[in-house]
Student: 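Pasting a structure here, questions to come.
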Protein chains: 4
Amino acid sequence: MRGVLSDPAVCAEGRTKRQQILDAAYQVFSRKGFHRATVDEIVALADTGKGTVYNYFVNKERLFYILVRERSAPFEAALAEVAAGPEDSPTKLRKIIRLFTKFFVDNADLWRVMIHEMRGVGAEGHSKLAPQQREKYREDMVRIVGDVEKVIRDGLAKGAFAGCDPKIAAYSLLSVVLMMAFQGFVGDDPEAAAERVADMFLHGITKRDPG
Amino acid sequence: MRGVLSDPAVCAEGRTKRQQILDAAYQVFSRKGFHRATVDEIVALADTGKGTVYNYFVNKERLFYILVRERSAPFEAALAEVAAGPEDSPTKLRKIIRLFTKFFVDNADLWRVMIHEMRGVGAEGHSKLAPQQREKYREDMVRIVGDVEKVIRDGLAKGAFAGCDPKIAAYSLLSVVLMMAFQGFVGDDPEAAAERVADMFLHGITKRDPG
Amino acid sequence: MRGVLSDPAVCAEGRTKRQQILDAAYQVFSRKGFHRATVDEIVALADTGKGTVYNYFVNKERLFYILVRERSAPFEAALAEVAAGPEDSPTKLRKIIRLFTKFFVDNADLWRVMIHEMRGVGAEGHSKLAPQQREKYREDMVRIVGDVEKVIRDGLAKGAFAGCDPKIAAYSLLSVVLMMAFQGFVGDDPEAAAERVADMFLHGITKRDPG
Amino acid sequence: MRGVLSDPAVCAEGRTKRQQILDAAYQVFSRKGFHRATVDEIVALADTGKGTVYNYFVNKERLFYILVRERSAPFEAALAEVAAGPEDSPTKLRKIIRLFTKFFVDNADLWRVMIHEMRGVGAEGHSKLAPQQREKYREDMVRIVGDVEKVIRDGLAKGAFAGCDPKIAAYSLLSVVLMMAFQGFVGDDPEAAAERVADMFLHGITKRDPG
DNA sequence: CATGAATGAGTATTCATTCAT
DNA sequence: GATGAATGAATACTCATTCAT
């Protein structure tokens, strides 16, 4: 048997058809949203045939889901690692905000589409997505928010944080970073943007007495 | 001007056909989103004919826009009044958060759909909306966020707030309240929920020294 | 309200859109069978728009079913009338064979398609038809065959017939007449063809002693 | 000719790839009909590759035709033998009915599909089959029915039968046996079923005077 | 010969919009 | 103004067939 580099379906450019399709789908879904994205457009961008898409993905819906999951996986892993790490809670939270920010710089559009499609992370809603498919999104989402929530809950227990509901705080964090990326407020320096959000989040906007 | 009772197309129930359509559209758009909402369903709910919709609104897109605008108008007015009011900045901000929260309890779904359709408040995007239509949404949005931004900028100038970009802070506020409503975190007591957000927003989640 | 002649959807030619579609569907289904018949072709023949078909019929499957049912209804009624009539069994059977023959001269193709789609009158089968739809066909079929069966059973009880299973005989009758029509054996004189079948059916092909 | 064991593509189980495909095709075509049968399913059942099918058969249509022909060949031979045999006509006819019945117990589904595809044994029709392909089916069919027809014609000439058109009688016979098999009326005892059909066919259903 | 990844022509169905009444 | 029958452009998905390995 031949090595990976000459596996079937590996193109001259070294990307498999499957990857070409995912890359094209990323662009089209991000730009158009789920409904307005057409398989035809994805196919044209992927430089492949329509049937090929359906060889790799059972339907448009699954293509979208797998795209989101594959794009999110590295981020999810990094997030889990930080959440489980040894640092104190504020440090973890700053790291997490940096991770989120960097992730959303690339994936804000895709995520916004996903969140729209699942319509409120679990509520019965407006997308065509099969309920069982929506549940998968919800689970992925809950796992991510859950990591953040855990860090905040730890911080509350250890006296580093106070006066907030950890779940609400976690969702707030996510929504603010998502908004930042989405509005283009992150700009060229994600690190700086992350710091700004972290400061606001940790200390609020009220001026503190210097003394 | 003639009285309501002699207005054209005022029905027995005292609602004009136009209003019946808007009410039905609100329900359907909120529940289904823009794309999955069908004119047929709106018409069925409005207890009117399909053609009638097109007598009052040039197309589905404009119907949606006008719906959003009419629903937002009272809120916008109240917001502007508070923003222009005499109170100090933190008080204003708390009031604003309360207004937002109450508004979104009813309109979170509609707004989320709108924001999705305009895709990022101005960025070139995924909806079918004509660019000029999107620009209208953007203007409405900017006006609303602008009021909040002004209050924060005032607070910064007067030394009540510190260490934040007023525009980012304003958008953050909006995104957090929207998320709260959307996730069902507001519950039965919007006032309490608003206070929680205000506290988090003004003071952050870091534990302050009691001394 | 206006009379039937000026009802909406009544065309200049006096046929409703619905009827135009059914007429076109009859031709196309008869000529092409269910699968190879395309809605496009039906629409072209019916001189109407594609959407119009779906205003009147929920889908291609239901269009086919309703077509078969409406085409069969008068025949079914006549059959039931004869079956319930006062004549003796052989006379009834001859009348029934005449009815079948005349009916199949026009509808053999449609019926063959239907029988193929229901694949064996009830067995689990090869068509795409929803099981519940197939059950409807089966019921219609059983009702028709049942009328014939009853006549034969009566004849057996009254000593006019002998030596046959009434159900099998009924199905045999149907299959032979269907075959005759299908093979073009009926020709210009359905009455004569019916007599030929009736003779064969009543007396067999064995030569009887003249004495 | 080489022995079976050294034939190309003879598998461990002793069936050639070609035969595996035919066996699988028999099952799938019988169960699903021509259109709904997919090459994919046949391939899966045959435990072979998709391309292999096209090495042995030019296309799905020819695969179906060859399948029908190979399945029918032994039956055709036996039928011809009986038809050409020395017995008297009624005996031959009874034998033929037995042959038909036994054959259709296994092949009724396949035949019904074939007859549907050729749509009326020669009439211009609804399948995608090339006209020249349909002509082949017609020839096979005519040959089979022709044998039966000859036996009946002989019987008429020799005074054993009377009062029937031999062609119509032959087709009737075929259609009744096919129907019996298809409706599951044959049951566990094909011999008995054949006798029942033969009796009905030879003597009709009219009660004869015992005297 | 055997294989199965790639392909695209073909089809049912939806739904915003129009317009004659 | 009110209505709803008619329309057709748009779109996801299937599956027979090919061909490079």
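Labels below follow one simple rule: chain letters A, B, ... track the order of the sequence lines, proteins then strands, and each chain is numbered from 1. Computed over heavy atoms, backbone and side chain alike; hydrogens, waters and symmetry mates excluded.
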Student: In whole angstroms, how far is the C1' atom of F:dA16 from the CZ atom of D:Arg62?
Tutor: 17 Å
Student: Report yes if some heavy atom in the side chain of D:Val39 is under 4.5 Å from a heavy atom in the side chain of D:Tyr54; otherwise report no.
Tutor: yes
Student: Considering every strand and a 4.0 Å limit on heavy-atom distances, what is the contact class for D:Ala44: base, sugar-phosphate, or nothing?
Tutor: nothing
Student: Can you measure D:Lys60 atom NZ to F:dT17 atom P for me and round it to whole angstrom units?
Tutor: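 Answer to the nearest Å: 8 Å.
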Student: Apply ring pair (Phe, Tyr, Trp, His ring centres under 6.0 Å) to C:Tyr65 and list each qualifying residue two or more places apart in sequence or on a separate chain.
Tutor: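 Residues passing ring pair (Phe, Tyr, Trp, His ring centres under 6.0 Å) with C:Tyr65: C:Tyr137.
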Student: For A:Val39 and for D:Val58, locate the closest nucleotide of DNA chain F by heavy-atom distance; then report the residue assigned to the nucleotide nearer the 5' terminus.
Tutor: A:Val39
Student: Does C:Tyr54 make a side-chain N or O approach to OP1 or OP2 of E:dT14 shorter than 4.0 Å?
Tutor: no
Student: For A:Ala46, report the nucleic acid contact type (base, sugar-phosphate, nothing); a contact means any heavy atom under 4.0 Å.
Tutor: nothing
Student: Specify the separation, in whole Å, of atom OH of D:Tyr56 and atom C1' of F:dA16.
Tutor: 20 Å
Student: Which whole-number value in Å describes the distance from C:Phe57 CZ to F:dA6 P?
Tutor: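 To the nearest whole Å, that distance equals 11 Å.
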Student: Report the residues that fulfil salt bridge (Lys or Arg N to Asp or Glu O under 4.0 Å) with C:Asp40, sequence neighbours left out, ordered by chain and then residue number.
Tutor: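 If we apply the salt bridge (Lys or Arg N to Asp or Glu O under 4.0 Å) test to C:Asp40, skipping adjacent residues, the hits are C:Lys50.
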Student: For C:Asp23, check side chain to side chain contact (heavy atoms under 4.5 Å, CB included) against everything at least two apart and list the hits.
Tutor: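 Counting only residues at least two positions away or on another chain, C:Asp23 forms a side chain to side chain contact (heavy atoms under 4.5 Å, CB included) with C:Arg15, C:Gln19, C:Arg71.
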Student: In whole angstroms, how far is the C1' atom of F:dG4 from the CD1 atom of B:Ile42?
Tutor: 16 Å
Student: Dot-bracket for DNA chain E: what is it, with Watson-Crick or G-U pairs under 3.5 Å, [ ] where a pair crosses earlier ones, and | for a pair to another strand?
Tutor: .||||||||||||||||||||
Student: Tell me whether C:Lys60 forms a cation-pi arrangement with C:Phe34, defined as NZ or CZ under 6.0 Å from the six-membered ring centre and within 45 degrees of its axis.
Tutor: yes
Student: Give the rounded distance in Å between these two atoms: CZ of A:Phe64 and P of F:dA12.
Tutor: 14 Å
Student: Below 30° counts as parallel, above 60° as perpendicular, anything between as tilted: where do the rings of C:Phe29 and C:Phe64 land?
Tutor: perpendicular
Student: Decide, yes or no, whether a salt bridge links C:Glu70 with C:Arg18 under the criterion of side-chain N to carboxylate O below 4.0 Å.
Tutor: yes
Student: In this structure, how many angstroms lie between the P atom of E:dA6 and the CG atom of D:Asp40, rounded?
Tutor: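 Distance, rounded to whole Å: 14 Å.
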Student: Looking at C:Arg36 and C:Glu41, is there a salt bridge between them, counting it only when a charged N and a carboxylate O are closer than 4.0 Å?
Tutor: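 Answer for the salt bridge query: no.
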Student: Quick one: side chain to side chain donor-acceptor pair (under 3.5 Å) partners of C:Arg62, sequence neighbours excluded?
Tutor: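 Only C:Gln133 meet the side chain to side chain donor-acceptor pair (under 3.5 Å) criterion with C:Arg62.
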Student: Would you mind telling me which residue lines up with the more 5' stretch of DNA chain E, D:Val43 or C:Ala37, judged by nearest nucleotide?
Tutor: D:Val43
Student: Nearest-Å distance, CG (D:Asn59) to P (F:dT18)?
Tutor: 8 Å
Student: Polar pairs (N or O, both sides) under 3.5 Å between protein and nucleotides 7-9 of chain F?
Tutor:
from: F:dT7; atom 1: OP2; to: C:Thr48; atom 2: OG1; distance (Å): 2.3
from: F:dT7; atom 1: OP2; to: C:Gly49; atom 2: N; distance (Å): 3.0
from: F:dT7; atom 1: OP2; to: C:Thr52; atom 2: OG1; distance (Å): 3.0
from: F:dG8; atom 1: N7; to: C:Gly51; atom 2: N; distance (Å): 3.0
from: F:dG8; atom 1: O6; to: C:Gly51; atom 2: N; distance (Å): 3.2

